[in-house]
Structure formats: structure tokens, C-alpha cells
2 protein chains.
Amino acid sequence: MNISAKSKYAVRALVELAQRNGDQPVPIADISSRKEIPLQFLEQLFSSLRKAGILNSHRGVRGGFSFKMMPEDVSVLDVVEALDGTVAPASCTIGAPCDKQETCSVQDVWVDAKSSLEAVLSEATIGDLAQKESLMKNSTKEMYYI
Amino acid sequence: MNISAKSKYAVRALVELAQRNGDQPVPIADISSRKEIPLQFLEQLFSSLRKAGILNSHRGVRGGFSFKMMPEDVSVLDVVEALDGTVAPASCTIGAPCDKQETCSVQDVWVDAKSSLEAVLSEATIGDLAQKESLMKNSTKEMYYI
DNA sequence: CATAAACCCTATAATACTTATCGAAATTAT
DNA sequence: ATAATTTCGATAAGTATTATAGGGTTTATG
């Protein structure tokens with residue numbers, strides 16, 4: 001019952017990328033150092049996100065990653081599903097009814113749990129988070145000036 | 001992002017136990033064979049549930065387990081927490097703010113996810129599930145008679 | 001009191017999954 | 001040509017989950 005470090009890293013990294021979203025693609029190394037995420041690990045994550053259609057990659061000098069989808073359209077659920085697969089907290093929620101027992105009232109609970117998780121995670125988008133983060137940074141800065 | 005087999009086993013086992021709830025404690029071996037759960041593994045689970053105050057145990061001949069709490073008062077969340085620990089989908093939801101970054105808007109998402117999971121899992125009780133299961137069994141039986 | 005039926009406990013094996021690293025190859029702007 | 005990048009596959013390292021083993025303790029019962 002844990003969202004993997006993969007997903008957590010990826011969301012943080014995408015928020016960073018969204019904040020820098022300009023004409024130029026951003027190299028992984030930048031994000032890696034800023035967000036304290038192992039470089040080669042992040043490489044794998046962004047590669048998956050590219051395959052999932054969320055990011056674009058550009059090789060070579062001045063290469064890097066940029067958003068293919070708009071950050072406001074990328075939900076946290078999208079990210080988690082791209083990296084960890086379906087968010088089902090129990091296997092019998094995925095498809096076939098619980099293989100062990102014919103009658104299984106318990107299944108409904110896991111299905112509900114899955115739905116509610118999906119609902120929460122699909123509401124939050126990378127765009128939102130990036131905006132919030134910017135606001136937070138500003139307000140903490142202000143704390144020093146006031 | 002998975003509820004462990006432990007928890008899933010345990011919930012199924014408790015539902016079975018609730019259905020047999022009488023004067024006599026029920027031996028683990030019974031539940032193990034009925035629900036196709038490895039005996040010694042189930043032993044560990046029930047031991048944890050006893051320590052969590054959900055079950056009573058009775059040693060010796062005619063011993064076994066019985067509910068200490070009433071099945072209607074035992075939520076699925078209680079069971080999952082007893083076995084898997086807190087249901088937090090991400091570590092920074094547990095206590096201290098995310099250790100990597102001062103400003104972390106992402107944290108809110110995991111906190112929300114946790115809350116919504118807890119809500120769903122605390123609504124379903126072992127008592128409810130046992131009752132549902134009994135109804136399901138009956139209705140499938142009836143299918144043959146009609 | 002002897003016995004068998006049960007739980008109790010600790011250790012550890014087996015398995016799977018997650019996280020992380022390595023190194024070489026392909027691409028591309030300059 | 002070169003240096004900055006992504007790309008890819010392999011695999012190491014670490015951790016957690018699942019399962020098994022074996023001996024110990026309690027207790028109803030005859």
C-alpha cells in the first residue's frame with residue numbers, strides 16, 4: 001500500500017519541468033540535481049513517460065525533455081499508471097473475479113478503494129501542482145521580507 | 001500500490017470466522033482449509049489480529065479463535081492497519097514533511113489519497129461483509145432450485 | 001496424569017519487487 | 001569532429017512480501 005518512489009520522483013520531476021516549460025527542452029541532468037533524484041533512475045522514468053505519450057524527448061546537444069501533453073492535462077493518476085501500472089490495491093479488482101472463491105463480498109471493497117484512489121489522483125494535475133508550488137515558494141520568500 | 005496478500009487473506013478469513021461466530025472458538029486449520037490460505041501464514045496473521053485486540057485466542061483442545069471486538073465494529077481498515085501498518089500511499093504523508101524539498105505541493109495529493117482510502121476502508125466492516133456473503137451464497141443456491 | 005489438539009514464537013528460506021547503477025550506442029546542434 | 005544528450009539492455013543491490021519449519025506452551029478430556 002505504497003505509491004512507489006518512482007511515481008513520487010516522477011511527479012516531483014514533472015512539476016519542476018512544468019515550471020520551466022519554455023521553448024527549450026530541459027535536460028534530465030538539470031532536474032535530477034535540482035530535485036535530488038538519481039540521474040539514471042530518472043532517465044528510466046522519463047523514458048516511460050515518453051512512451052506513455054506524456055513527454056517529448058529531444059536528443060543531442062541542447063536536447064532534453066518537454067511536455068507533449070499540456071501539464072494541465074496530465075493528472076497524477078496518469079503518471080502513476082504510466083510508472084506503476086494500474087492503481088488497484090488488490091488484484092481481484094483488475095478483471096476476473098477473485099479466483100479463490102465463487103462468492104466474494106470482499107471484492108467490492110477493493111473495487112471501491114480503487115475507484116476512490118483514482119478519483120483523487122485524477123483530480124490533481126501537474127499544472128495545478130506547479131502553480132501551487134510557485135505560489136508557495138513566493139510566500140515563503142515573503143516570510144523573510146515581512 | 002497494493003493491499004498485501006496478508007490483508008486480503010485476513011479479511012476473507014475474518015469473514016469466514018464471523019459467519020461461524022458461536023460459543024466455540026474456531027481453530028485456524030478449519031479456516032485455512034476452507035479459504036485456501038496457508039496454515040502457518042494464517043497463524044501469523046491471526047496472531048497479529050489478536051495483538052491488535054480484534055481477536056481472542058484460546059489454546060489447547062477445543063481451542064481456536066473468536067472475535068474480541070464485535071464483527072460489526074471491525075472495519076477493513078482496522079484489519080489492514082493491523083497487518084500492513086498505516087495505509088499511507090506515500091511516506092511523506094505519515095508525519096514529517098517531505099525531507100527532500102522545503103516546498104512540496106505534491107504532498108497534499110498523497111494526503112488526500114490516504115484520506116480517501118481510509119474513508120472507504122473504514123466504512124466496510126467484517127460484519128457487513130459476512131452478511132453480504134451469506135446472502136450471496138443463498139441466492140446462488142436458489143438459482144439451482146428455481 | 002497422559003495425550004492430543006490447539007495456539008505461540010522465532011528463525012529463516014524463497015520469491016518477488018523496487019531501486020539504483022553501468023556501459024555502450026545513437027542522435028544532433030554547433 | 002565534438003560534446004551534449006537521450007536510448008537501451010543488463011544487472012547489481014536492497015528491501016519487502018510470502019511462506020515454511022520446528023520446537024515450545026497451554027489445556028480439555030478421558
Side-chain angles (χ1 to χ4, degrees), chain A residues 1-10 12-13 17 23-33 35-52 54-68 80 82-91 100, chain B residues 1-13 17 20 23-33 35-52 54-68 80 82-91 100:
Chain A
M1 177 49 48
N2 249 316
I3 286 175
S4 70
K6 270 202 246 182
S7 293
K8 292 191 280 180
Y9 279 160
R12 287 204 289 128
L17 183 60
D23 329 356
Q24 301 278 338
V26 179
I28 288 183
D30 280 22
I31 297 180
S32 158
S33 61
K35 291 290 186 178
E36 303 176 54
I37 300 171
L39 174 64
Q40 287 167 307
F41 197 41
L42 186 57
E43 230 172 74
Q44 292 176 12
L45 307 186
F46 270 29
S47 175
S48 299
L49 294 173
R50 177 180 59 80
K51 284 170 189 160
I54 294 172
L55 295 181
N56 267 324
S57 65
H58 309 266
R59 289 171 150 199
V61 174
R62 291 219 194 185
F65 285 86
S66 58
F67 278 93
K68 181 169 189 181
V80 172
L83 297 174
D84 290 341
T86 185
V87 95
S91 51
K100 300 277 182 183
Chain B
M1 177 46 51
N2 251 314
I3 286 175
S4 68
K6 272 203 248 184
S7 292
K8 291 191 279 180
Y9 280 160
V11 171
R12 288 204 290 129
L17 182 61
R20 301 207 193 180
D23 327 357
Q24 301 279 339
V26 179
I28 289 182
D30 281 22
I31 298 179
S32 157
S33 59
K35 292 290 187 178
E36 303 176 52
I37 300 169
L39 175 63
Q40 288 167 304
F41 196 42
L42 186 57
E43 228 172 77
Q44 291 176 13
L45 307 186
F46 270 30
S47 174
S48 299
L49 294 173
R50 177 179 60 78
K51 285 170 189 160
I54 295 173
L55 295 181
N56 267 325
S57 65
H58 309 268
R59 288 168 149 203
V61 175
R62 292 219 193 186
F65 284 86
S66 59
F67 278 93
K68 181 168 189 179
V80 172
L83 297 173
D84 290 341
T86 187
V87 97
S91 52
K100 299 277 182 184

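Each chain gets a letter, A, B and so on, in the order the sequences are listed, and its residues count up from 1.
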OG of B/Ser47 to CG of B/Leu42, rounded to nearest 0.5 Å, is 11.0 Å
In short, A/Lys8 meets A/Ile3 closest at the heavy-atom pair CE-O, 3.5 Å
5'-most contact on DNA chain D (nearest-nucleotide basis), A/Leu39 vs B/Leu39, goes to A/Leu39
Contacts of B/Arg50 meeting salt bridge (charged side-chain N to carboxylate O under 4.0 Å, His left out) (sequence neighbours excluded), chain-then-number -> none
Taken to the nearest whole Å, CD/A/Glu36 to P/C/dT19 is 17 Å
The side chain to side chain donor-acceptor pair (under 3.5 Å) partners of A/Ser32 (sequence neighbours excluded) come to none
Taking every heavy atom of A/Leu45 against every heavy atom of A/Leu83, the minimum-distance pair comes out as O-CD2, 3.9 Å
Across all chains, not counting sequence neighbours, the side-chain contact (heavy atoms from CB on, under 4.5 Å) partners of A/Ala29 are A/Leu39
Name the atoms and distances for all side-chain donor-acceptor pairs under 3.5 Å in residues 57-68 of chain B, with sequence neighbours left out.
{"unit_1": "B/His58", "atom_1": "NE2", "unit_2": "B/Ser66", "atom_2": "OG", "d": "3.1"}

Taken to the nearest whole Å, CG/B/Leu49 to P/C/dC8 is 12 Å
note: B/Leu55, atom CG; C/dA6, atom P; distance rounded to Å ~ 17 Å
Each nucleotide of nucleotides 11-18 of chain C classed B (base within 4.0 Å of a protein heavy atom), S (only sugar-phosphate) or -, in 5' to 3' order, makes B-------
### Distance test, side-chain N/O of A/Tyr9 to OP1/OP2 of C/dT19, below 4.0 Å
no
Sorted by chain and residue number, the side chain to side chain donor-acceptor pair (under 3.5 Å) partners of B/Asp30 (sequence neighbours excluded) come out as B/Arg20
Between CD1 of B/Ile28 and P of C/dA6 the distance, given in whole Å, is 11 Å
Here the distance between atom C1' of C/dA26 and atom CD of A/Glu43, to the nearest Å, is 13 Å
The reported gap from OH in A/Tyr9 to CD1 in A/Ile31 (rounded to nearest 0.5 angstrom) is 14.5 Å
Between CZ of B/Phe46 and C1' of C/dC7 the distance, given in whole Å, is 12 Å
Rounded to whole Å, CD of A/Gln40 lies from P of C/dA24 at a distance of 12 Å
Chain A vs DNA chain D, heavy-atom contacts under 4.0 Å, first-to-last nucleotide span, 5' to 3', is D/dA3 to D/dA10
Can you check side-chain contact (heavy atoms from CB on, under 4.5 Å) on B/Phe41 and B/Lys6, steps first, answer last?
CA-CA 8 Å; B/Phe41 196 42; B/Lys6 272 203 248 184; 3.7 Å; yes
* Taking the side chain as C-beta and beyond, is there a heavy-atom pair between A/Asn2 and B/Asn2 under 4.5 Å? -> no
Within residues 57-65 of chain B, the residues having a heavy atom closer than 4.0 Å to DNA chain D are B/Arg59, B/Gly60, B/Val61, B/Arg62
